[in-house]
Amino acid sequence: MALTSAQKEASKISPALGVNIVQLTESNSADLVDGVPKALWVKSGGTLAFETTGGSDVSIASIPSDIVIDWIQMKKLKTATSCVVYGIY
């Protein structure tokens, strides 16, 4: 699955920090395009449902806006209800 042109435009690269930030898209079948992110930036809060790298399905409700989460090892974003989520690579 390739990135759309809109996703490429939304992607931000900071060479000084060596960081790539990509908006994540939902899929029940496909793994994240860029692999497992080092952290997640939840720009707009809500509920996340995802599959971990270990294969477990997890849902977390009431995530606040503008928070960085570095303890989730997500390989597939299943749903992001009212959320805008970025992967930090």
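All residue numbers refer to positions in the sequence shown, counting from 1.
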(request) Identify the heavy atoms of Cys83 and Gly45 that sit nearest to each other, and give their distance. (result) SG-C, 3.6 Å
(message) Distance check, rounded to the nearest 0.5 Å: Met74 atom CE versus Glu51 atom CD?
(response) 10.5 Å
(message) On a heavy-atom basis, which atom in Ala30 and which in Ser27 lie closest, and how many Å separate them?
(response) N-OG, 2.8 Å
(request) Side-chain contact test, heavy atoms from C-beta onward, threshold under 4.5 Å: evaluate it for Gln73 versus Thr52 and give yes or no. (result) no
(message) Rounded at 0.5 Å granularity, tell me how far CG in Asp34 sits from CD1 in Ile21.
(response) 12.5 Å
(request) Show the numbers, then the answer: is there a side-chain contact (heavy atoms from CB on, under 4.5 Å) between Ile60 and Ile72? (result) CA-CA 11 Å; Ile60 303 174; Ile72 293 176; 4.0 Å; yes
(request) State the OG-CG distance between Ser82 and Leu48, to the nearest 0.5 angstrom. (result) 10.5 Å
(message) Just verifying a value: how many Å separate Ser44 OG and Ile63 CD1, rounded to the nearest 0.5 Å?
(response) 11.0 Å
(request) Please report the shortest heavy-atom distance between Leu24 and Tyr86, naming the atom on each side. (result) CG-C, 4.0 Å
(message) How close do Ser59 and Thr47 get, counting heavy atoms only, and between which atoms?
(response) OG-CG2, 3.8 Å
(message) For Thr25 versus Leu32, what's the shortest heavy-atom pair and its separation?
(response) O-CD2, 4.5 Å
(request) Applying side-chain hydrogen bond (donor to acceptor under 3.5 Å, both in side chains), name anything that partners Asp66, two or more places apart in sequence or on another chain. (result) Trp41
(request) Tell me whether Val22 is reachable from Val36 by hopping between hydrophobic residues (I, L, V, M, F, W, Y) whose side-chain heavy atoms are closer than 4.5 Å. (result) no
(message) How close do Leu40 and Gly87 get, counting heavy atoms only, and between which atoms?
(response) CD2-CA, 4.4 Å
(message) Let me confirm one number: the NZ-CG distance from Lys75 to Asp31, rounded to the nearest 0.5 Å.
(response) 5.0 Å
